Amino acid sequence: MPELPEVETTVRGLRPVLEGHRLARVEPRRADLRRAIPQDLRQRMTGAVVTGLRRRAKYGLIDTDRGDTLIFHLGMSGRWRIDPDGIGAHDHLLVETEAGRLLALNDPRRFGSLDLVETAGVDEWPAFRALGPEPLGPDFGVAHLARMFEGRVAPIKLLLLDQRIVAGLGNIYVCEALNMARIDPRKPAGRIGRAKLALLASAVREVLAAAIEAGGSTLRDYARPDGELGYFFKQFRVYGREGEACSCGGTILRQVDGGRSTFACPKCQR
DNA sequence: ATTAGGCCCTGCGCGC
DNA sequence: TGCGCGCAGGGCCTAA
């Protein structure tokens, strides 16, 4: 379930296991995920000390004292298993610390990725250079949205999913934020007034912060080898709730936009 | 320059 | 019980 809050939760869960620890074993179990896994990953990571973990958009970053940064993306189905009870078919990377903790990057669909780049140049990494601002950072707000949406006729939902405009939103939280701000997902982005955009910017920050909070509260579950990630889904307003009642009393509809499900309330989202 | 659509891959839940 | 179908949190590529 990896959108921004899930990756943030993952990074926070990995931090106590990895930060400050030397890696005794780094072992890819296959040659590729979405794309090839760097062939020198094992050699460059084994013996290194992890100096820190961070997140950028939906990517997790693991910095080492050798000046390298391991960048992981969880795709649709990726997650890290902590001290797993055995190695499974979809555990594609094993990481073991000198302290004896074992991590397994598990990703059945293999839409995720692993890359190793020099820490000093990480901001210039091609996938990062094109990213828009962090939605929880200082550069995101109504002014940014207004600037990016000006003159655009594409549905606002599709633009919010564009990582070049805002980095880290996915299908769930876009649906949630649009419902909170009472905006029709199909409305042309450039025709949405500034007051609505202000509501939207606030909704984006609010829903992400709440989801991180919920994920943080379930780190114990996350850390179990068979654990699932986060339980914010219990708080979804519209996502996955087709036919149920919106908080306004309307009935939530599911429609398909750009090949992906959109959940929205036709009564209050206009 | 945008945007629509297809594709990558596996697993799960549903209806028959 | 078994099988086929649709669907899934993402991102990248092509073609119009």
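Model, not experiment: these values are computed from the prediction. Reminder, nothing fancy here: chain letters follow the sequence lines and each chain counts from 1.
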- What is the distance, rounded to the nearest whole Å, between atom CG of A:D91 and atom P of B:dG11? 12 Å

- Query: Between C:dG6 and B:dG6, how far is it from one P atom to the other, in whole Å?
  - Reply: 14 Å

- Given atom CZ of A:R30 and atom P of B:dT10, what is their separation to the nearest angstrom? 8 Å

- Task: Using a strict cut-off of less than 4.0 Å between a Lys/Arg side-chain nitrogen and an Asp/Glu carboxylate oxygen, indicate whether A:E27 and A:R29 qualify as a salt bridge.
- Result: yes

- Protein-nucleotide distance (A:L4, atom CG; C:dG9, atom C1'), rounded to Å: 13 Å

- A:D40 with A:R42: basic N within carboxylate O range, under 4.0 Å: no

- Protein-nucleotide distance (A:F72, atom CZ; C:dG11, atom P), rounded to Å: 14 Å

- Message: Under 4.0 Å, counting only non-hydrogen atoms across every strand here, what does A:L158 touch: a base, just sugar-phosphate, or nothing?
- Response: sugar-phosphate

- Query: Which ranges of DNA chain C pair up as stems, where a stem means three or more consecutive Watson-Crick or G-U pairs with both distances under 3.5 Å?
  - Reply: B:2-8 with C:10-16, B:10-16 with C:2-8

Can you tabulate the close N/O pairs, meaning under 3.5 Å, that link protein atoms to atoms of nucleotides 4-8 of chain C?
| unit_1 | atom_1 | unit_2 | atom_2 | d |
| --- | --- | --- | --- | --- |
| C:dA8 | OP1 | A:S261 | OG | 2.3 |
| C:dA8 | O3' | A:Y239 | OH | 3.4 |
| C:dA8 | N3 | A:R109 | NH1 | 3.0 |

- Query: Is a salt bridge present between A:R56 and A:E134, judged by a nitrogen-to-oxygen distance below 4.0 Å?
  - Reply: yes

- Message: Less than 4.0 angstrom between a side-chain N/O of A:H90 and OP1 or OP2 of B:dC9, yes or no?
- Response: no

- Task: Compare side-chain N and O positions of A:R34 against OP1 and OP2 of B:dC7 and report whether any pair is under 4.0 Å apart.
- Result: no

- Interatomic distance where CH2 belongs to A:W125 and C1' belongs to C:dG11 [whole Å]: 11 Å

- Item | Atom pair distance, as rounded to whole Å: CG in A:L161 and P in C:dG11 | 9 Å

- Message: I need the NZ-C1' distance between A:K157 and C:dG10, as an integer number of Å.
- Response: 12 Å

- Query: Should A:D184 and A:R270 count as an ion pair when the cut-off is N to O under 4.0 Å?
  - Reply: no

- Message: Using a 3.5 Å distance criterion without hydrogens, assess whether the side chain of A:K157 forms a donor-acceptor pair with backbone atoms of A:G258.
- Response: no

- Message: Side-chain N or O of A:H73 versus OP1/OP2 of C:dG10: is the shortest distance under 4.0 Å?
- Response: no

Side-chain donor-acceptor contacts of residues 185-195 of chain A below 3.5 Å, not counting sequence neighbours, with atom names and distances?
| unit_1 | atom_1 | unit_2 | atom_2 | d |
| --- | --- | --- | --- | --- |
| A:R186 | NE | A:D257 | OD1 | 2.6 |
| A:R186 | NH2 | A:D257 | OD1 | 3.1 |

- Determine if A:F111 stacks with C:dG10; use a centre-to-centre distance below 5.5 Å and an interplanar angle below 30° as the criteria. yes

- Message: When you compare the side chain of A:N179 with that of A:C268, does any pair of heavy atoms fall below 4.5 Å?
- Response: yes

- Query: Does a nitrogen or oxygen in the side chain of A:K58 sit under 4.0 Å from OP1 or OP2 of C:dG9?
  - Reply: no

- For atom CD of A:E98, is the number of surrounding heavy atoms from other residues, nucleotides or ligands below 6.0 Å larger than 12? yes

- Item | Beyond-backbone contact of A:R25 with A:L94, side-chain heavy atoms, under 4.5 angstrom | yes

- Could you state the CG-C1' distance from A:L160 to C:dG9, rounded to the nearest angstrom? 16 Å

- Phosphate oxygens OP1/OP2 of C:dG11: is one of them under 4.0 Å from a side-chain N or O of A:Q163? yes

- Message: Would a single hydrophobic cluster contain both A:L116 and A:I62, if residues Ile, Leu, Val, Met, Phe, Trp and Tyr are joined by side-chain heavy-atom contacts under 4.5 Å?
- Response: yes

